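Accompanying notes for the structure given below.
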Amino acid sequence: MKDLLELRDQIDKIDRQIVSLFEERMQISEDVAKYKIANGKKVFDKDREKSKLETLTGLAHSEFNRHGVEELFQQIMSMSRKLQYQLLAENGAAGRLPFIAVDDIERKNVRVVYQGVEGAYSHAAMREYFGKDVNCFHVKKWRDAMEAIAEGAADYAVLPIENSSAGIVADNYDLLVNFENYIVGEQIIKCEHALLGLPGTKLEDIQKVYSHQQALSQCEEYLDSHREWQLIPYDNTARAAKKVADEGDKSQAAVGSVFAAEIFGLEVLAEHIYYNEANSTRFIIVTNQRVFRRDAQKISICFELPHRSGALYNILSHFIYNNLNMNKIESRPIPGRNWEYRFFVDFDGNLNDSSVKNALRGIREEAINMKILGNY
């Protein structure tokens, strides 16, 4: 039996040879990139890589080694592609992204649509982003809002995309794929539920409390201290507040926002009645124009992948190679295609950054139906 140190020396010698051969291979990849630049060739040749992997795995002498060779050369080929994408960008052959940089998003003399009713958190998000004097209207469904900007009835739409407690608004992720509309901004609204009633109402007057079921649940600890109240789920917090205001009955109260109290002329009977101080909703500002602020620092994209081992791993490596910080990844099932998924990724960057262009070029070539959802 060989001594362990002797075995390690042999491995070190082989590793040095591997590094030398890897650098030699990458030098040739540079020459390949120069040829492709000169002749307008695509970097990713799926059929060529598939054929080569079949040949290389066939040289291995065991099933374990065949899997190892396949994984090793998938990574080597991936590194070669990333180098070629980088060289394409450096030589101005990466192509232009179909987005226009602007100094700021227009917030005056615009028409804005939001889903919901007056007094809802989406209404508050719109006012926070565009100001109190914005020309606006509201619609019943999220799809209605997307259709309004797609058809030109509104310049911008304000839509919820995720809640810190309840998670993503999945339907709006799907709508971003189905419409040629793009994210240009975001607004985070803290969901600060309060107990609202008619002016002059006392707690002992209350018999019924209306609100969305989720809001009632988030205020469970406070409401449990008033077991005499009947809790009645309503379709949303703002409509609950409007009902109390319209019916003028001091025996009724609503759980909603201080903003809703302001809109409907109600009195805040108790503030901060929710248990989760960090409960917030993130809203996106969407338009049908492909624009982004020059100082934008977050990018959202989506893509589909071939249903095979390592596909997601290889795509995400583009963020690592280009030193881009990924903030979020979500998946949604693709309608009509069982067990296949579309991925949504948020990462730091600006569409003018060379590292971003390099990563997006690689992802676009290797993924299926990659779409830039916005830079904001």
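In this text, all values refer to a predicted model and were calculated from it rather than measured experimentally.
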Are the side chains of [Y] and [X] in contact, using a 4.5 Å heavy-atom criterion?
X	Y	answer
Val345	Cys302	no
Val286	Val158	no
Asn181	Thr287	no
Glu186	Ile285	no
Leu198	Leu266	yes
Leu351	Ile299	yes
Ile301	Ile363	yes
Glu162	Thr281	no

State plainly whether the residues Glu262 and Arg127 are in salt-bridge range, i.e. N to O under 4.0 Å.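 Answer for the salt bridge query: yes.
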
Any salt bridge between Arg361 and Glu365, counting N to O under 4.0 Å?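 Judged by the 4.0 Å cut-off on N to carboxylate O distance, Arg361 and Glu365 do form a salt bridge.
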
On a heavy-atom basis, which atom in [X] and which in [Y] lie closest, and how many Å separate them?
X	Y	result
Phe130	Glu106	CE2-O, 4.0 Å
Ala241	Phe264	CB-CD1, 3.9 Å
Thr237	Ala215	CG2-CB, 3.7 Å
Leu203	Leu269	CD2-CB, 4.3 Å
Ser29	Leu83	CB-CD2, 4.2 Å
Ala359	Leu324	CB-CD1, 3.6 Å

Looking just at side-chain N and O atoms, do [X] and [Y] make a donor-acceptor pair shorter than 3.5 Å?
X	Y	result
Ser355	Asp353	no
Gln84	Lys36	yes
Glu366	Tyr85	yes
Glu247	Gln252	yes
Asn322	Asn358	yes
Ser251	Asp205	no

Do you reckon [X] sits in the same ILVMFWY cluster as [Y], going by side-chain contacts under 4.5 Å, direct or chained?
X	Y	value
Leu72	Val19	no
Leu159	Phe179	yes
Val32	Phe73	no
Ile28	Met26	no
Val43	Ile37	yes

Crowding at [atom1], [X] (>12 non-hydrogen neighbours, <6.0 Å):
X	atom1	result
Glu63	CD	yes
Gln187	CD	yes
Tyr313	OH	no
Asn109	CG	no
Asp133	CG	no
Glu221	CD	no
Lys328	NZ	yes
Leu4	CG	yes

When the ring planes of Tyr274 and His193 are compared, do they come out parallel, tilted or perpendicular, using 30° and 60° as the limits? perpendicular

Anything under 30° is parallel, anything over 60° is perpendicular, the rest tilted; go ahead and classify Tyr222 against Trp229. tilted

Test Arg294 against Asp103 for salt bridge (Lys or Arg N to Asp or Glu O under 4.0 Å), laying out the working first. CA-CA 6 Å; Arg294 296 184 200 279; Asp103 291 330; 2.8 Å; yes

What distance separates [X] [atom1] from [Y] [atom2], expressed to the nearest 0.5 Å?
X	Y	atom1	atom2	result
Leu305	Asn314	CG	CG	9.5 Å
Asn276	Ser217	CG	OG	12.5 Å
Asn327	Asp346	CG	CG	6.5 Å
Asn178	Asp171	CG	CG	10.5 Å
Glu128	His123	CD	NE2	12.0 Å
Ser300	Tyr376	OG	OH	2.5 Å

Check against side chain to side chain contact (heavy atoms under 4.5 Å, CB included), Val184 and Tyr156: CA-CA 9 Å; Val184 292; Tyr156 299 97; 4.0 Å; yes

Phe303/Arg342 under side chain to side chain contact (heavy atoms under 4.5 Å, CB included): CA gap, chis, key distance, verdict: CA-CA 6 Å; Phe303 52 81; Arg342 180 177 291 113; over 6 Å; no

Between Gln218 and Asn279, is the side-chain hydrogen bond (donor to acceptor under 3.5 Å, both in side chains) condition met? List the steps. CA-CA 9 Å; Gln218 291 170 346; Asn279 185 24; 3.1 Å; yes

Establish, yes or no, whether a centroid distance under 6.0 Å links the rings of His212 and Tyr234.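 Judged by ring-centre distance (under 6.0 Å), His212 and Tyr234 do not meet the cut-off.
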
Ring of Tyr182, cation from Lys371 - is the NZ or CZ under 6.0 Å from the centre and inside 45° of the axis? yes

Are Ile161 and Val169 close enough, and set up right, to give a side chain to side chain contact (heavy atoms under 4.5 Å, CB included), and what steps lead you there? CA-CA 5 Å; Ile161 197 68; Val169 183; 5.5 Å; no

Hey, mind stepping through Glu304 and Arg337 against salt bridge (Lys or Arg N to Asp or Glu O under 4.0 Å) and telling me if it holds? CA-CA 11 Å; Glu304 301 164 29; Arg337 288 157 57 182; 3.1 Å; yes

Side chain to side chain contact (heavy atoms under 4.5 Å, CB included) between Met77 and Leu53, intermediate numbers included: CA-CA 10 Å; Met77 290 174 183; Leu53 284 172; 4.1 Å; yes

